[in-house]
Asker: 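Sharing a structure with you now.
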Amino acid sequence: PGIRDMKTVFSPLHHLRSVKTELDGGILIEPHEKPSRVETILARVKSQTLGEVLEPEEFGLGPVKRVHKPDYVEFLEHCWADWVAAGKPGEAIPAVWCGRGMRARMPKDIDGRLGYYSFAAETSISDGTWEAACASANVALTAQKLVANGERAVFALCRPPGHHAHADLFGGYCFFNNAAITAQAFRDQGYQRVAILDLDFHHGNGTQAIFYDRSDVLTISLHGDPDLAFPHFLGFEDETGEGEGEGYNLNIVYPPGTPYGVWSQGLETACERIAAFQPGALVIALGVDTFEDDPISFFKLKSADYLSLGKRIEQLGFPTVFTMEGGYGVDAIGVNAVNVMQGFEGKK
Ligand SMILES: NCCCNCCCCCS
Ligand SMILES: [Mg+2]
Ligand SMILES: [Zn+2]
């Protein structure tokens, strides 16, 4: 029967993430990861009376540092000020990386540190990025606390997203890995096993990397073939975990044009693996850039498919936190994201 009144956690501080540039195709465009994405979802949450909307509690950097390296957190906090102090005219954009055969040590210079702590160049940093990333982690942690206290499922309407962020790398519009921070919080509160299912169009490379050698957190991602899609350099099906974590990472990869009828077979495979794992809690890294009209992706899911998706997740029966990840077709993002929650609640 699903649940009634799913709570949503939302922070107005997401607006502090206000970069004006995204490097794309050799020019600086208006960022796809824009404030209207979550404002549109929030409006739909309210118009559909999904349930109560709460602002986050503050958890500090402790839970963030259970996932992210302290030097990386330190870098993010001071990056913008260091960039400005270096006299740079624009927004902070990495432009140099440790290429093959070079030395992966942390340089002093801000240009070097931007490259050392990132894996991609489309994610500009400016004033307010740090505060918004902290607020987004608090949104996820508030949802986690509500579920640990008995809610069946809570929607963490996070912005900026997180699933591309590694322990010490930003990129793909992500800084703190909200889904990973949520899973680690469950583990730190005594949940023996946690599963993270990444349904975003893109591979959850950060989430995979963070838990890759661990068997206590099962990580699964459905996504566009990395041969053809961001993040390009991780997310292939032969990546199944390492050491203790061997067998606890699963990548399910699809080609351009994949419709729900095919994609949902991967969802079924993922659900069966999660059921077998029997986690105490489930984290869904929810991107809706799988949508047929998404401007930067190549799957063909339709709005009604998100109702079916939500229903299937509910049938797993686990306490669930949804962390908002990607989705760039802003006109339909509200219907698509809230359809997942309403499908979870039993709406046909
Ligand atoms: N022109 C498209 C480049 C895409 N680069 C980053 C995509 C990040 C998706 C986050 S869910
Ligand atoms: Mg994915
Ligand atoms: Zn994505």
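As the structure lists them, so they are numbered: ligands from 1, and atoms in each ligand from 1.
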Asker: Could you name the option among Tyr328, Phe201, Tyr173 that has the heavy atom nearest to atom 11 (S) of ligand 1?
Answerer: Tyr328

Asker: Looking at Asp198, pick out the N, O or S atom nearest to the Mg ion (ligand 2) and give its name.
Answerer: OD1

Asker: Using 2.8 Å as a strict upper limit, say whether an N, O or S atom of His202 approaches the Zn ion (ligand 3) that closely.
Answerer: yes

Asker: Pairing donors with acceptors under 3.5 angstrom, does anything connect the side chains of Asn178 and Ser136?
Answerer: yes

Asker: Parallel, tilted or perpendicular for His32 and Tyr173, by the 30°/60° rule?
Answerer: tilted

Asker: Against ligand 1, does Glu122 come closer than 4.0 Å with any heavy atom?
Answerer: yes

Asker: Does an N or O anywhere in Asp24 fall below 3.5 Å from an N or O of ligand 1?
Answerer: yes

Asker: Any N/O/S atom, backbone or side chain, of Leu222 lying under 2.8 Å from the Mg ion (ligand 2)?
Answerer: yes

Asker: Provide the number and element of each atom of ligand 1 under 4.0 Å from a heavy atom of Asp289.
Answerer: 11 (S)

Asker: If only side-chain N and O atoms count, and only distance matters, is there a donor-acceptor pair under 3.5 Å linking His166 with Asn205?
Answerer: yes

Asker: Number the atoms of ligand 1 from 1 as they appear, then name those within less than 4.0 Å of a heavy atom of His164, with their elements.
Answerer: 9 (C), 10 (C), 11 (S)

Asker: Which of the N/O/S atoms in Asp200 sits closest to the Zn ion (ligand 3)?
Answerer: OD1

Asker: May I ask whether Phe299 and Leu307 are part of the same hydrophobic cluster, defined by side-chain heavy atoms of I, L, V, M, F, W, Y residues being less than 4.5 angstrom apart, directly or through others?
Answerer: no

Asker: Checking ring pair (Phe, Tyr, Trp, His ring centres under 6.0 Å) against His164, which of Phe230, Phe176, Phe175 comes through?
Answerer: Phe230

Asker: If the cut-off is 4.0 Å to any non-hydrogen atom of His163, which atoms of ligand 1 fall inside it?
Answerer: 11 (S)

Asker: Between the side chains of His202 and Glu325, does any donor sit under 3.5 Å from an acceptor?
Answerer: no

Asker: Taking the Mg ion (ligand 2) as the vertex, what is the angle from OG of Ser221 to O of His202, given to 10 degrees?
Answerer: 100°

Asker: Distance alone, cut at 3.5 Å: any donor-acceptor contact between the side chains of Glu237 and Asn251?
Answerer: no

Asker: Restricting to N, O or S atoms of Asp289, which is nearest to the Zn ion (ligand 3)?
Answerer: OD2

Asker: Flag yes if more than 12 heavy atoms outside Gln278 fall under 6.0 Å of its CD atom; otherwise flag no.
Answerer: yes

Asker: Could you tell me which atoms of ligand 1, counted from 1 in the order shown, lie closer than 4.0 angstrom to a heavy atom of Asp200?
Answerer: 11 (S)

Asker: Can you tell me if NZ on Lys302 sees more than 12 non-hydrogen neighbours from other groups inside 6.0 Å?
Answerer: no

Asker: Looking at the Mg ion (ligand 2), which N/O/S atom of Asp200 is the nearest one?
Answerer: O

